[in-house]
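Here's the structure, in structure tokens; my notes come after.
Keep in mind that this is a model prediction, so the values were computed, not measured. As the structure lists them, so they are numbered: ligands from 1, and atoms in each ligand from 1.
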Amino acid sequence: MTSTDASVHTIDFHGQPALELRAPDGATCVVSLFGAQVLSWVPAGGKERLYLSPQARVDRRSALRGGIPVIFPQFAERGPGPRHGFARTLVWQVDQTRVSKDFAIATLRLTDDEATRAVWPHAFALELTVVIGGNRLDLELSVENTGDTAFDFAAALHSYLRVTEVENCRLEGLRNTSYLDATDGDKAKDDRLDALIVEDEVDRIYRRAPDTVVLHDGSRAFGFQSEGFPDLVVWNPWEHKCRALNDMPDLDFRRMICIEPAIAERPQTLAAGEQWSGRHTIVAA
Ligand code: TA6
């Protein structure tokens, strides 16, 4: 099916500007300028595939619970700065947008300013490119060191996937890998199972993770392919942690799982003038 209204335009998302991308085949996504956060993704002919909490705090200050937050320059509390960095709570600039016969694309950009240098004293340019078309969502994150001294950074694309029932999902592709278990004091453990099934809180950093994993969700599935990110984080807060989150309904831990390509365990060093980039593709099946 071909739609004639392929476009990228600005919309209002609860009082905040966002881009709505519409590909020629009808695939759509919404990217908030606040955090360059993808908030919605509907593949061509399909249904919403990202989880966004109905209680997400849209107050121009708080991180939005759901979608795909961009984590930079710190992962979680693994550093002295704000939890999960500052990129998810700042307004990004739109760098370019385009529609072709197969896809719609937008690039957003964030650079250092007085406020970022007050918490992290480095000069940088961060870019997120979002491409949709067919059953694919492609994200590319790049970090450039625009200063004259090296810096260390962490990053992640903290993707909240919408699932029918998390307990019935199987995440495959992580057998014979090792992970740090944040629910058990970051203990290093080996994964020997064919599939990860969420039946309790899961908060893991898979180190040197495979580039491809698959999440089966009943009759639906997600394929994930990443490049450049050494780690893969898997998170579900389960009952007790979810209840403690005041921006998510108590039972919505059943509707989501986070699968996040990341530089999490060990920050990466970027020399002056150098650039790093990582890709993350989600395929809906
Ligand atoms: O990526 C997993 C994680 O670090 C978990 O520990 C969990 O707390 C989650 O991120 C959400 O963090 P947030 O700061 O958005 O509440």
Are any protein N/O atoms closer than 3.5 Å to the N/O atoms of ligand 1? If there are, list each pair with names and the distance to one decimal place.
residue	atom	partner	partner atom	Å
ligand 1	1 (O)	His158	NE2	3.0
ligand 1	1 (O)	Glu260	OE1	2.9
ligand 1	1 (O)	Glu260	OE2	2.9
ligand 1	4 (O)	His84	NE2	3.2
ligand 1	6 (O)	Asp203	OD2	2.5
ligand 1	8 (O)	Arg83	NH2	2.9
ligand 1	10 (O)	His84	NE2	3.0
ligand 1	10 (O)	His158	NE2	3.0
ligand 1	12 (O)	Arg83	NH2	2.9
ligand 1	14 (O)	Arg83	NE	2.6
ligand 1	14 (O)	Arg83	NH2	3.4
ligand 1	14 (O)	Arg88	NH2	3.0
ligand 1	15 (O)	Arg65	NH1	3.2
ligand 1	15 (O)	Arg88	NH1	2.9
ligand 1	16 (O)	Arg65	NH1	3.2
ligand 1	16 (O)	Arg65	NH2	3.0

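- Asp252 and Tyr51 share a side-chain donor-acceptor pair at under 3.5 Å.
- Residues passing the side chain to side chain contact (heavy atoms under 4.5 Å, CB included) test with Asp102 are Ser100, sequence neighbours excluded.
- Between Trp120 and Phe151, the distance separating the two ring centers is shorter than 6.0 angstrom.
- None of Leu21, Ile132, Thr281 except one satisfies the side chain to side chain contact (heavy atoms under 4.5 Å, CB included) rule with Leu137; the exception is Ile132.
- Residues His280 and Phe229 place their aromatic rings such that the two centres sit no closer than 6.0 Å.
- Tracing side-chain contacts under 4.5 Å through hydrophobic residues (I, L, V, M, F, W, Y), one reaches Leu215 starting from Val38; they form part of the same cluster.
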